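One structure below.
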Amino acid sequence: MSFLRRGFATAALLGALWMVVASIVVAVAMSFATGLPLTPSVAMSLAWGAALAMAFLAARRMGGRPALAALLAAGLVPALAPFGSLSAGPAVSAPAAGAAAVLLSCAFAFPIRSILGGVAPGPQTRHVFEAAVIRFLTGFGYVFFTAIVVIPFYVMVMTSLKNQAELLQNPLDFGIDLSKGWDLFRSYAELMTDFNFGSYLWTSFYVSVLTVLLTLSFSIPGAYAVARLRFRGRKAFSRSILLIYMVPMIVLALPIYIAFSVAGLRNSILGIVLIYPVTTIPVALYMLQGYFRGLPAEVEEAGLMDGLSRLRVIWKITLPLSLPALASVSLYVFMIAWNEFLLAFMLLDDPSKFTLTRGVAMLNSSEVPRQHLMAGSVIATVPIMALFLGLERFMTKGLTAGSVKG
Amino acid sequence: MIHAAPTPPEGRGPLARREARLAWGLLLPTILIVAAVVVVPLLAIFWISVKPIGLADLRPPAPIAREALRGSGDELRIQYRVRNSSRSEIVSDVTLSDILPPGLEARPVDPRCVVDGRSIFCDLGDFEGGRRETLDFPVVLSGDRDAAEEAAEGSEPVLTGSADNILTNLEFTGENFARVFDGDEFRSVLYVTLFYTVVGTVGALLVGLFAAMLLNKSFRGQGVLRGLYLFPYVAPVIAVAFTWVILFDPFSGSANALLVRMGVAENAINFFGERPLALIMVTVFEIWRYFPLSFLFILARMQSIDEDMYEAADMDGASPFQKFWYLSLPQLLGILSVLFLLRFIWTFNKFDDIFLLTGGNAGTRTLTVNVYEQAFAVSNIGAGAAVAVVIFGCLLIFSIFFFRVMSREEGL
């Protein structure tokens, strides 16, 4: 360990590893953006990164700015040199290769400058070394998480804008031809006209809203009782809520399927609206009772002293105080109902009554081109994402309060 | 004078009783509906799991009839074709009753039937499986034939009959459980379930811990990144699962094209179609989709850790890794253990993700997927229910553990 803590060794180690990260990122990003073949080489990246970072550390004695400028200039080499960390195939044009080189140089130089922030040549304390390693890990973490989250959604959106021939020709090329104008959205138009997606959107929307309303009307009184009122079996009750919340849906789905078949509720929106709230009531009750417990009981007691009945206290005092919690719970329940797939899949067979998730599942067949499947996925994702981004504060609170239901 | 010391009232006073009554009143709707949709199905699962029942048995055997006006003139007759909907089960005490539309009058011919003007009632006795019978009644027409025909065919005859319903009779079998516990298959299902659950849970926790450490500082864009990292969890499972399937498609998937081009792989890899790769991919998907949850919880806990402790550690010369190992981690142990147990249970229960990614093929059939597979793919509802009973048993064991830890770590 003490060898690694010498300034140059630290710089070489972190520089080498960071160059690997930078090369892969630039290669993947260029491929996904333009479809051009760029190949990162791990061995070459390690060598170039170590060399450049050590040189940078030495040059920094002359001053920070010139050293950074030199690093930026030198950083162009690994992408262009014959034994570079990033090799471009013959198909890559000179401007594209140049762009890749500039990208790589920036993706290496700026992070390396901050990673090696306090590191000087010569032996370093454990603090300096670990801080540098942590800065490296932090940088890597941001790149890693952003990539794994963004790539699938990017692929989803871009695939929905292409046609079958383009997709088969070069699966890596996600660049889009803007000159096509509105024609880019053809999959969406076809889904709306030929596949009835407009009506699925509406069905999903009102089923989700009804689910939220029904869930709240059952869980608010229940949560209040569990949180505030003293009665025998209160503890057992709040435990059994959690227990029920753990029963897997597939176990319940089977008898529900049988009961609905016998009762003729299969293939009806009524059946779906009856069953969704029951899956969300335990969660909502659990979340709300936690919140009600946190409210000061004194305010309610003052209301009781002044002659309000319990129900009036709930209506006039508790509910207005818990509006933020109600918003969180509503959003969370809306999300569960909107995303619900299993019950809709098992209980609905009639294409005129599908919810959105059931409609997307219908698109998963070999006869439907996959840009349609992806366009359907985008249609299902965008409303819930818009809601989530607009009300993120409530949503994150709802998720944290809503325990860990998956 | 000695005054008796005031004593608190004993037992439950009227006020306490009223409060308890109100509580039960408020809880009653929830209890009823949850009982109807959770408890009853759970009991039903136990019942079905010991019965020999297939998907086709869901519709109980019943008599069915079709009505038609046939012939013309003197030959004009009303015809009922009666049959048993089941090919194997007997339907006993079948009766048929119908009222003919105005303008038609029937004459009695069949000794089993009572005909009185426009009304017909027949007692047809028992129908064994697959039996069909045609009943003809000569009728006298007064009025338009087409209108009468339409009216006659529009009015359904009423049929009654009692059949043995497999759902409610007392025929039991141990076959379902024998089938579920059948040697090799059960062992492989159990192994897949355990791998998926343990690796998926631990992976999501570790990745979530890493993400939480990244965001446990305030900088510009922290909120944006936090929102972004929650995307996998918030998006509908069906959308992200299909995106993964398309991204990793062996023929035209981008991931394969990228790997081949970068020289990592020689040929396209069938990520979701090969053992054991499919299981690994399904687990990776699970980690990808659920790390946001653990990250959110761990971050909330981290932000409530007292800063003073770190300052004290700084004074004592603790290095960043030491601070993490000796200060942060012990503080997070509580939430980590609760998260582990909860996620363990829910990953164990997970069905949608695997079902959408592989459909349970290529060695990814977990217990939950097995329920679906047995009940719907093999059309053996009884066997599906038996698997569900096994799942429920495991769940009970887990929840005992869970409540032990939960009471220690109250306050999640």
Side-chain angles (χ1 to χ4, degrees), chain A residues 31 37 39-40 126-127 130-131 134 138 141-142 145 148-149 152-153 155-156 159 167-168 171-172 218 221-222 224-225 229-231 243-244 246-248 250-252 254-256 258 261 278 281 310 339 341-342 357 360-361 364 370 373 377 380-381 384 388-389 392 396 399-400 403-404 406, chain B residues 19-20 22-23 26-27 29-30 33-34 37-38 41 44-45 58 210-211 214 227-229 231-232 234-240 242-243 246-247 252-254 257-258 261-263 288 290 293 296-297 300 319-321 339 342-343 345-346 349 351-352 368 371 375 384-385 388 391-392 395 399:
Chain A
S31 297
T39 312
R126 188 171 171 172
H127 270 258
E130 285 184 8
I134 284 179
T138 311
Y142 289 139
F145 281 109
I148 62 167
V149 172
F153 288 95
V155 169
M156 187 201 297
T159 308
L167 285 170
L168 286 175
L172 268 185
F218 278 93
Y224 187 85
L229 304 176
R230 275 157 307 201
F231 60 98
L243 196 63
I244 280 169
M246 285 174 194
V247 175
I250 182 79
V251 169
L252 300 180
L254 195 57
I256 287 172
I258 296 171
S261 304
V278 184
I281 285 173
R310 270 286 179 186
N339 291 352
F341 161 73
L342 172 61
T357 46
V360 176
N364 184 28
R370 62 192 179 143
L373 178 61
S377 300
T381 309
I384 198 75
F388 167 66
L389 288 180
E392 198 221 316
T396 38
L399 289 176
T400 1
S403 235
V404 210
Chain B
E19 193 167 309
L22 177 66
L26 291 175
L27 282 171
T30 306
I33 192 166
V34 168
V37 183
V38 178
I45 276 285
L58 284 186
F210 187 27
L214 287 182
L228 184 73
Y229 293 174
F231 268 29
V234 177
V237 60
I238 189 158
V240 287
F242 283 148
T243 307
I246 282 187
L247 185 61
S252 54
S254 313
L258 198 65
R261 181 161 298 168
M262 287 184 174
W288 177 80
Y290 294 101
L293 265 181
L296 210 59
F297 277 82
S319 80
F321 281 128
L339 266 175
L342 275 177
R343 290 291 333 144
I345 292 173
W346 278 312
N349 289 349
F351 168 79
D352 311 18
T368 47
V371 175
I391 294 180
F392 191 70
L395 188 81
S399 49

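Chain letters run A, B, ... following the sequence lines, proteins first and then strands; every chain starts at 1. This one's a predicted model, so the numbers in the text were calculated from it and none came from an experiment.
- For Phe231(B), the ring pair (Phe, Tyr, Trp, His ring centres under 6.0 Å) partners are Phe153(A), not counting sequence neighbours.
- Between Arg230(A) and Glu19(B), the shortest heavy-atom distance links the atoms N-OE2, 2.8 Å.
- By number of non-hydrogen pairs under 4.5 angstrom with chain A, the leading residue of Ala375(B), Pro29(B), Ser399(B) is Pro29(B).
- Of all the listed residues (Gly222(A), Pro152(A), Ala380(A)), the one sharing the greatest number of non-hydrogen pairs under 4.5 Å with chain B is Pro152(A).
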Subject >> Audit row: Val251(A), Leu395(B), side-chain contact (heavy atoms from CB on, under 4.5 Å) steps and yes/no >> reply: CA-CA 11 Å; Val251(A) 169; Leu395(B) 188 81; over 6 Å; no
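- Contact of Val278(A) with chain B is made through the side chain alone, with heavy-atom distances under 4.5 Å.
- Leu214(B) touches chain A through backbone and side chain together, each having a heavy atom under 4.5 Å away.
- When Ala20(B), Ser254(B), Pro232(B) are compared by the number of non-hydrogen pairs under 4.5 Å with chain A, Ser254(B) comes out ahead.
- Across Ile148(A) and Trp288(B), no two heavy atoms sit closer than the pair O-NE1, 2.8 Å.
- In this structure, Thr159(A) OG1 and Ile246(B) CD1 are separated by 6.5 Å, a value rounded to the nearest 0.5 Å.
- Closest approach of Glu130(A) to Ser319(B), counting heavy atoms only: OE1-OG, 2.5 Å.
- The backbone N or O of Val237(B) sits nowhere less than 3.5 Å from a side-chain atom of Asn339(A) that would complete a donor-acceptor pair.
- With sequence neighbours left out, the ring pair (Phe, Tyr, Trp, His ring centres under 6.0 Å) criterion links Phe145(A) to Phe210(B), Tyr229(B), Phe291(B).
- Residue Leu342(A) holds its CG atom at 5.5 Å from CZ of Phe351(B), rounded to the nearest 0.5 Å.
- The only member of Phe218(A), Tyr224(A), Phe231(A) that meets side chain to side chain contact (heavy atoms under 4.5 Å, CB included) when paired with Leu27(B) is Phe231(A).
- With a 4.5 Å cut-off on non-hydrogen atoms, Val371(B) touches chain A through its side chain but not through its backbone.
- When heavy atoms are compared at a cutoff of 4.5 Å, Ala44(B) approaches chain A solely by way of its side chain, counted from C-beta outward.
- Both the backbone and the side chain of Phe321(B) have a heavy atom closer than 4.5 Å to some heavy atom of chain A.
- Contacts between Ile281(A) and chain B at a heavy-atom distance below 4.5 Å involve the side chain alone, from C-beta outward.
- In this structure, CG on Asp352(B) lies 6.5 Å from CZ on Phe341(A), to the nearest 0.5 angstrom.
- Contacts of Leu22(B) with chain A are made by both backbone and side-chain atoms, with heavy-atom separations under 4.5 Å.
- Only the side chain of Ser31(A) comes within contact range of chain B, with heavy atoms under 4.5 Å apart.
- For a residue to count as touching a neighbouring chain, one of its non-hydrogen atoms must lie under 4.5 Å from one of that chain's; by this rule Leu228(B) touches chain A with backbone and side chain alike.
- Scanning all heavy atoms of the two residues, the minimum distance from Pro320(B) to Ile134(A) falls at CB-CD1, 3.3 Å.
- Between the CG atom in Leu254(A) and the CD1 atom in Ile45(B) there is a gap of 4.5 Å [rounded to 0.5 Å].
- Counting heavy-atom pairs closer than 4.5 Å to chain A, the top-ranked of the candidates Val37(B), Val34(B), Ile33(B), Thr368(B) is Val37(B).
- When side chains are defined from C-beta on, Pro236(B) counts as touching Thr381(A), because their heavy atoms get closer than 4.5 Å.
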